Amino acid sequence: MSGSPLLHVSDLTMTFPARRSRPVRAVDGVSFDVREGETLGLVGESGCGKSTTGRMIVRLLEPTAGSVEFDGRNITHLSPGGLRPLRKHLQMVFQDPHSSLNPRQTVARIISDPLLVQGRKAAEARERAAELMGQVGLIPEHLDRYPHEFSGGQAQRIGIARALATGPRLIIADEPVSALDVSVQAQIVNLMQDLQQDLGLAYVFIAHDLSVVKRVCDRVAVMYLGRIVESGDKKEVYANPQHPYTQALLSAIPLPDPAAERTRERIVLRGDPPSPAAPPPGCGFHPRCPRAEDICRTERPLLTGGGGRQVACHLPG
Ligand code: SF4
């Protein structure tokens with residue numbers, strides 16, 4: 001892939017004010033690109049800032065600092081009116097399909113809504129909704145049903161159909177399969193991959209499950225305590241992780257071969273991630289890092305590297 005990125009995120013930062021404690025820096029200077037038609041996996045434990053990053057990209061949250069460029073245009077501070085024409089190219093799929101669908105609206109209304117906002121006529125929007133139902137593997141005749149009449153997997157298909165309605169070029173998928181049964185997860189992942197092939201979509205795929213990310217992504221960025229600590233081509237990162245945190249996450253993925261699973265060495269991290277309200281000095285990972293040395297406790301490692309492969313660690317490898 002070549003040319004300018006479809007999405008360019010630069011130094012994106014989100015600080016939430018707190019009443020009784022220090023402000024919480026949930027995302028701290030995150031930068032990455034996504035090219036047309038590719039999938040970037042944004043991974044890390046719960047609370048690492050990956051979902052907040054996704055929400056800032058689609059402007060559900062206003063960043064404290066940094067910028068988001070979509071198709072060469074800075075959209076960071078566009079007004080709702082300025083953002084409207086771009087909305088159709090930039091959509092989101094949420095984690096919990098049922099809570100992200102209005103229970104009082106029919107599926108026809110839910111899927112048509114983004115089209116009506118874009119000024120399409122009701123009959124035309126309904127016709128498109130029926131077409132999308134078929135495209136995501138649902139029965140178009142079920143358009144007049146309500147979300148509670150569908151299973152979790154079917155509801156997520158409705159969420160995907162709603163995101164597809166306006167013909168987006170980029171979808172931010174925030175843990176799109178983590179609320180689903182394992183067997184259903186595979187079906188939704190397959191659907192998303194088929195849609196990507198057919199429609200040339202790009203995804204930012206946010207997940208904590210590295211085995212799912214391995215299936216769907218071209219590149220991966222690992223987040224810890226609001227920062228990217230390692231990024232690169234998926235194959236390289238999975239085959240040769242350089243950051244101790246990535247190594248620990250990958251060592252926890254179950255292996256398909258039971259014999260290999262019995263003999264593999266698992267890296268168990270001590271404790272929980274620190275609070276972003278009180279991050280440790282130096283490397284944010286040092287209180288849990290099995291390789292930490294003195295420098296790690298005082299100097300923050302920068303994300304450095306070349307050829308699309310970057311790591312933030314004083315002692316990578
Ligand atoms: Fe571990 Fe030090 Fe690298 Fe941080 S900088 S990940 S503490 S080795």
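What you see is a predicted model, and the numbers here were worked out from it, not measured in a lab. Start at 1 and go down the list; that is how both ligands and their atoms are numbered. Quick note: numbers below take in every heavy atom, side chains included, and nothing from hydrogens, waters or symmetry partners.
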Distance-only donor-acceptor check, side chains E62 and H77, under 3.5 Å: yes
Element-labelled atoms of ligand 1 that are located less than 4.0 Å from some non-hydrogen atom of H243: 6 (S)
Listed once per pair and sorted, the side chain to side chain donor-acceptor pair (under 3.5 Å) pairs that draw on residues 187-201, sequence neighbours left out: T39-Q196, N190-R215
Residues forming a ring pair (Phe, Tyr, Trp, His ring centres under 6.0 Å) with Y224, sequence neighbours excluded: Y245, F285
Atom 2 (Fe) of ligand 1: protein N, O or S atoms that are less than 2.8 Å away, sorted by chain: C296 SG
Test: R169 and D71 ion pair at under 4.0 Å: yes
Selection residues 268-277 - residue pairs positive for side chain to side chain donor-acceptor pair (under 3.5 Å), sequence neighbours left out: none
Cluster link I206 to Y203, ILVMFWY, side chain under 4.5 Å: no
